[in-house]
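Notes follow once the structure below has been shown.
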Amino acid sequence: MYTAHPDRYADMPYRRTGRSGLKLPALSLGLWHNFGPERPVETQRAILRRAFDLGVTHFDLANNYGPPPGAAESAFGEALKADFAPYRDELVISTKAGYLMWPGPYGEWGSRKYVLSSLDQSLKRMGLDYVDIFYSHRPDPETPLEETMGALHSAVQQGKALYVGISNYSAEQTREAARILGELGTPLLIHQPRYSMLDRRPEDEGLLDALDELQVGSIVFSPLEQGLLTGRYLDGIPEDSRAASDSPFLNSDAVTEDLVRKLRELNDIAKSRGQTLAQLALAWVLRGGRVTSALVGASSPQQLEDSVGALGNLDFDADELARIDAVIKP
């Protein structure tokens with residue numbers, strides 16, 4: 001029987017999410033590609049236990065996480081039942097709807113029928129009565145935003161979600177979504193964009209500015225850029241890496257000589273701060289408090305521990321930030 005560490009809240013910083021009353025850990029665990037039938041159950045459960053023992057109270061899922069789609073929620077449901085049932089009220093559990101889950105015209109995107117059906121399926125897979133945060137995973141170009149946001153509002157009204165969020169929405173779409181939800185009486189809690197030292201679109205396209213103005217929280221995914229910022233690619237492409245596989249998210253063409261040079265220079269900056277490259281990358285997205293939380297994946301408890309080690313040094317001086325910028329965009 002798993003018993004959580006008594007000092008699990010001693011070291012993890014928790015940040016208020018926008019203007020809400022909800023605080024999230026600075027690092028949250030994303031259950032994207034490491035939870036499902038392709039991974040040993042004991043490894044999955046060891047990662048979840050270690051995360052909670054380190055103060056990681058937020059577990060982020062989506063209906064399509066696996067593989068196959070739905071597998072991560074099912075695996076997490078089993079872990080909840082086995083290990084975390086006594087701790088449900090200490091956990092923030094989120095899931096999303098937006099990508100393809102079943103055949104036909106009602107199996108993806110943002111219609112009310114799909115969004116609410118998907119949530120019911122997610123709750124059943126996880127064995128939950130409600131999730132803490134329910135997201136629209138991507139904007140639907142063919143469904144009125146009022147309908148998708150109305151479905152999120154209904155999820156809260158039905159008691160199946162406590163808060164709502166959006167992911168992959170532009171700054172303009174975010175402002176409109178926040179307006180609609182505000183009029184419905186269900187405030188937009190959080191946005192989940194992709195953001196890293198190598199991918200600065202939330203800065204460049206004004207999304208972070210919009211979130212500041214709206215007082216909406218942010219939790220960023222891919223802060224390690226699909227593993228590029230973990231140090232695994234400092235000497236090229238390892239045979240067992242994602243870039244060497246047939247992954248649709250990272251291929252070998254992306255790992256150019258110029259990128260490897262940049263990674264090595266960033267690694268030198270990390271060493272000067274007493275950090276690994278991964279820790280530097282996580283500290284960078286969390287700098288200054290604009291980002292509420294950073295999502296990390298983990299294939300082992302040790303990998304998770306390295307990520308949490310980033311929290312020991314989140315401060316950057318102007319010279320360090322300038323050096324990083326000089327490497328990324330000379």
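Computation of the quantities below employed the complete heavy-atom set of this structure, encompassing side-chain atoms and omitting hydrogens, waters and symmetry-equivalent molecules. Numbering starts at 1 and runs along the sequence shown. Since we're looking at a predicted model, the values are computed, not measured.
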Exercise. Measure the NZ-OG1 distance between Lys23 and Thr17 for me, rounded to the nearest 0.5 Å.
Key: 10.0 Å
Practice problem: For Glu73 and Thr95, test the side chains for any donor-to-acceptor distance below 3.5 angstrom and give the result as yes or no. | Solution: yes
Quiz item: Once you round to the nearest 0.5 Å, how far does CG of Asn168 lie from NZ of Lys96?
Solution: 9.5 Å
Practice problem: Scan Gln302, Gln303, His5, Glu305 and name whichever one has a side chain to side chain donor-acceptor pair (under 3.5 Å) with Arg50. | Solution: Glu305
Practice problem: Taking all heavy atoms of Ser20 and all of Arg16, pick out the closest pair and write down the distance. | Solution: O-NH1, 3.1 Å
Quiz item: For residues Ser167 and His191, is any side-chain donor paired with an opposing acceptor at under 3.5 Å?
Solution: no
Quiz item: Counting heavy atoms not belonging to Asp11, are there more than 12 under 6.0 Å from its CG?
Solution: no
Quiz prompt | Test side chain to side chain donor-acceptor pair (under 3.5 Å) applied to Tyr195 and Ser222, step by step | solution = CA-CA 6 Å; Tyr195 183 46; Ser222 291; over 6 Å; no
Quiz item: Are Arg39 and Asn34 close enough that a side-chain donor and a side-chain acceptor fall under 3.5 Å?
Solution: yes
Quiz item: What's the verdict on ring pair (Phe, Tyr, Trp, His ring centres under 6.0 Å) for Tyr2 and Phe84, showing C-alpha distance, side-chain angles and the deciding distance?
Solution: CA-CA 8 Å; Tyr2 166 71; Phe84 295 101; 5.4 Å; yes
Quiz item: What are the two closest heavy atoms between Phe134 and Ala155, and how far apart are they?
Solution: CD2-CB, 4.0 Å
Quiz item: Taking atom types as modelled, is there a side-chain donor on Asn63 or Ser122 under 3.5 Å from an acceptor on the other?
Solution: no
Self-check item: Under 3.5 Å side-chain donor-acceptor pair for Ser293 and Ser28
Solution: yes
Exercise. Run through Leu181, Val164, Leu188, Thr186 and flag the one making a side chain to side chain contact (heavy atoms under 4.5 Å, CB included) with Met149.
Key: Leu181
Quiz item: Between Gln121 and Ser117, do the side chains contain an N or O donor and an N or O acceptor separated by less than 3.5 Å?
Solution: no
Self-check item: In one Ile/Leu/Val/Met/Phe/Trp/Tyr side-chain cluster, 4.5 Å: Leu31, Leu123
Solution: yes
Self-check item: is_close_aromatic(Tyr65, Phe76), centroid dist under 6.0 Å
Solution: no
Quiz item: Which word best sums up how the rings of Tyr114 and Trp102 line up, parallel for under 30°, tilted for 30 to 60°, or perpendicular for over 60°?
Solution: tilted
Self-check item: Ionic contact status for Glu265 with Lys271, cut-off 4.0 Å
Solution: no
Quiz item: Could Arg290 and Asp212 be called an ion pair, given the rule that one side-chain N must be under 4.0 Å from one carboxylate O?
Solution: yes
Quiz item: Got more than 12 heavy atoms from elsewhere within 6.0 Å of CG, Asp129?
Solution: no
Quiz prompt | Interatomic distance, Leu282 atom CG to Leu311 atom CG [nearest 0.5 angstrom] | solution = 8.0 Å
Practice problem: Could you tell me whether Arg194 and Glu225 have a side-chain N and a carboxylate O separated by less than 4.0 Å? | Solution: yes
Practice problem: Would you mind checking if Glu172 and Arg175 are paired as a salt bridge, meaning a charged N to carboxylate O distance below 4.0 Å? | Solution: no
Quiz item: Would you call Arg323 and Asp317 a salt bridge, using N to O less than 4.0 angstrom?
Solution: no
Quiz item: Is the side chain of Arg88 donor-acceptor paired with the backbone N or O of Leu91 at a distance under 3.5 Å, no angle test?
Solution: yes
Practice problem: Run the salt-bridge test on Glu78 and Arg45 with the 4.0 Å N-O cut-off and return the result as yes or no. | Solution: no
Quiz item: Between Tyr169 and Gln192, is a side chain to side chain donor-acceptor pair (under 3.5 Å) present by the stated rule, with each step listed?
Solution: CA-CA 9 Å; Tyr169 279 58; Gln192 187 173 134; over 6 Å; no
Exercise. Give the intermediate values and the outcome of salt bridge (charged side-chain N to carboxylate O under 4.0 Å, His left out) for residues Asp258 and Arg261.
Key: CA-CA 5 Å; Asp258 183 57; Arg261 176 189 59 77; 2.6 Å; yes
Quiz prompt | Presence of salt bridge, Arg125 and Asp120, under 4.0 angstrom | solution = no
Quiz item: Charged N to carboxylate O under 4.0 angstrom, Lys262 versus Glu257?
Solution: no
Practice problem: Kindly give the heavy-atom pair with the smallest separation between Ala294 and Leu286, and that separation in Å. | Solution: N-CD2, 3.9 Å
Practice problem: Just do the side chain to side chain donor-acceptor pair (under 3.5 Å) check on Ser94 and Asp60 with the steps written out, would you? | Solution: CA-CA 5 Å; Ser94 60; Asp60 180 76; 2.6 Å; yes
Quiz prompt | Any Leu54 side-chain heavy atom under 4.5 Å of Arg8 side chain | solution = no
Quiz item: Using a side-chain heavy atom cutoff under 4.5 Å and only I, L, V, M, F, W and Y, what cluster partners does Leu295 have?
Solution: Leu22, Leu24, Val92, Tyr130, Ile133, Tyr135, Leu162, Tyr163, Leu189, Ile190, Ile219, Phe221
Quiz item: When you measure from the side chain of Gln279 to the backbone N and O of Thr276, does any donor-acceptor pair fall under 3.5 Å?
Solution: yes
